[in-house]
Amino acid sequence: MNNYLSLYGLKTAPFNITADPNFFYQSSTHREVLSTLNFGVVQKKGLMAVIGEVGTGKTTLCKVFLDHLSKDIKSSVIFSSPQFSQTQLLKTILADFGLEPARLNRFDLVKKLNSFLVDTSFSGKNALLVIDEAQNLTSKQLEQVRLLSNLETSQEKLLQILLVGQPELEDKLNEFKLRQIKQRINIKCRLLPLRKEEIKNYIEYRLNTAKAQDVAIEPECYQVIYQFSKGIPRLINLLCERVLLLGFVQGKNKVTPSMLKVCIKELQ
Ligand SMILES: Nc1ncnc2c1ncn2[C@@H]1O[C@H](COP(=O)(O)OP(=O)(O)O)[C@@H](O)[C@H]1O
Ligand SMILES: [Mg+2]
């Protein structure tokens, strides 16, 4: 692996599939969603949702969003798990806000969260709950989230809630029995794949971030990468990682369309 990096003069692997905010590339869709979310949180819009296909960068975007959040916004981030009861969900949220949720029942948990949120608002601050993988929330958990989105003063929402999930989240919200929560969603945005013409910049950005000195990509490659990935960053990463390894095995640091095609066959 180390040799693979040194062939290309790389400091780190440029196409890891982890959600690393250091490699964040501001594509048009990512930029648009980020600014919508900033607006939503600052304006205290309450419930918000981001929908995006697998691998479009939802988790990465959440990390970047949270990293740049003003210090005046207290945040809690949880990954939803369908195994959680409503009480466990609440306890996870409270614990993440730094509150002590032990041995409280559901009613008291909400009461405790509410008084924390009132204090937060009173001191001029704001609170944000992010639920990633929100397509996994059960109907009961979504109902609990709806109840949390009800916490408000007469002027404003006390808790801004961001649901982040795959298109299945939207299907779920369209179910008749969940129409109440659907109606509460004040901001809904979609994270799209990269545009075809952004793919080259995305790849170059990641290579530069990894300090690549000696990688050449033939211009015809980008069309092939687009056809395979349809602009989904995770698929671009998988393919690029593989083609760099192939180049390493073949002792070449120039990526060609035919090398990409070999890799695509392996990936399918
Ligand atoms: N805007 C972006 N800039 C850089 N890398 C990105 C971007 N969006 C996605 N990626 C990369 O794509 C992969 C999948 O991203 P991830 O956030 O896990 O997607 P999702 O949560 O939507 O499934 C990760 O390797 C991530 O680094
Ligand atoms: Mg994710």
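Start at 1 and go down the list; that is how both ligands and their atoms are numbered. Note that the numbering runs from 1 along the sequence shown for the chain.
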(request) Out of Tyr25, Tyr202, Phe23, indicate the one that has the non-hydrogen atom closest to atom 6 (C) of ligand 1. (result)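 Going through Tyr25, Tyr202, Phe23 one by one, Tyr202 has the nearest heavy atom to atom 6 (C) of ligand 1.
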(message) Under 4.0 Å between a side-chain nitrogen and a carboxylate oxygen: does that hold for Arg146 and Glu143?
(response)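 Yes.
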(message) Between Glu53 and Lys230, does any side-chain N to carboxylate O distance fall below 4.0 Å?
(response)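 No, Glu53 and Lys230 are not salt-bridged.
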Closer than 4.0 Å to some heavy atom of [X] - which atoms of ligand 1 meet that?
X: His30; value: 1 (N), 8 (N)
X: Ile17; value: 24 (C), 25 (O)
X: Pro233; value: 8 (N), 9 (C), 10 (N), 11 (C), 12 (O)

(message) Against Val145, only a single residue in Leu159, Ile93, Leu129, Ile161 fulfils side chain to side chain contact (heavy atoms under 4.5 Å, CB included); can you say which?
(response)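 The passing option is Ile161.
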When you compare the side chain of [Y] with that of [X], does any pair of heavy atoms fall below 4.5 Å?
X: Tyr222; Y: Ile203; result: yes
X: Tyr202; Y: Ile225; result: no
X: Leu194; Y: Tyr226; result: no
X: Ile131; Y: Ile78; result: yes

(request) Describe, in one word, how the ring planes of Tyr25 and Tyr205 are oriented to each other, choosing from parallel (under 30°), tilted (30 to 60°) and perpendicular (over 60°). (result)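 Tilted, since the angle between the ring planes falls between 30° and 60°.
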Ligand 1 contact on [X] by region, counting heavy-atom pairs under 4.0 Å:
X: Asn16; result: backbone
X: Tyr205; result: neither
X: Thr60; result: both
X: Leu61; result: neither
X: Arg206; result: side chain

Can you pull out the closest protein heavy atom to [atom]? Residue, atom name and distance to 0.1 Å, please.
atom: atom 19 (O) of ligand 1; value: Gly57 N, 3.1 Å
atom: atom 18 (O) of ligand 1; value: Arg234 NH2, 3.0 Å
atom: atom 24 (C) of ligand 1; value: Thr18 O, 3.4 Å
atom: atom 20 (P) of ligand 1; value: Lys58 N, 3.5 Å

(message) With nothing but distance in play, are any N or O atoms of Phe24 less than 3.5 Å from an N or O of ligand 1?
(response)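 Checking ligand 1 against Phe24, no N or O pair falls under 3.5 Å apart.
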(message) Below the 3.5 angstrom mark, is there an N/O of Gly55, backbone or side chain, next to an N/O of ligand 1?
(response)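 Yes; at least one N/O pair falls below 3.5 Å.
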(request) May I ask you to check if any N/O/S atom from Thr60 comes under 2.8 Å of the Mg ion (ligand 2)? (result)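 Of the N, O and S atoms in Thr60, none lies under 2.8 Å from the Mg ion (ligand 2), which means no.
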(message) Against Lys44, only a single residue in Gln160, Glu152, Gln155, Glu156 fulfils side-chain hydrogen bond (donor to acceptor under 3.5 Å, both in side chains); can you say which?
(response)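 Exactly one candidate clears the test, Glu156.
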(request) Output the distance between atom CD (Gln213) and atom CG (Leu10), rounded to the nearest 0.5 Å. (result)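 So the CD of Gln213 and the CG of Leu10 are separated by 8.0 Å.
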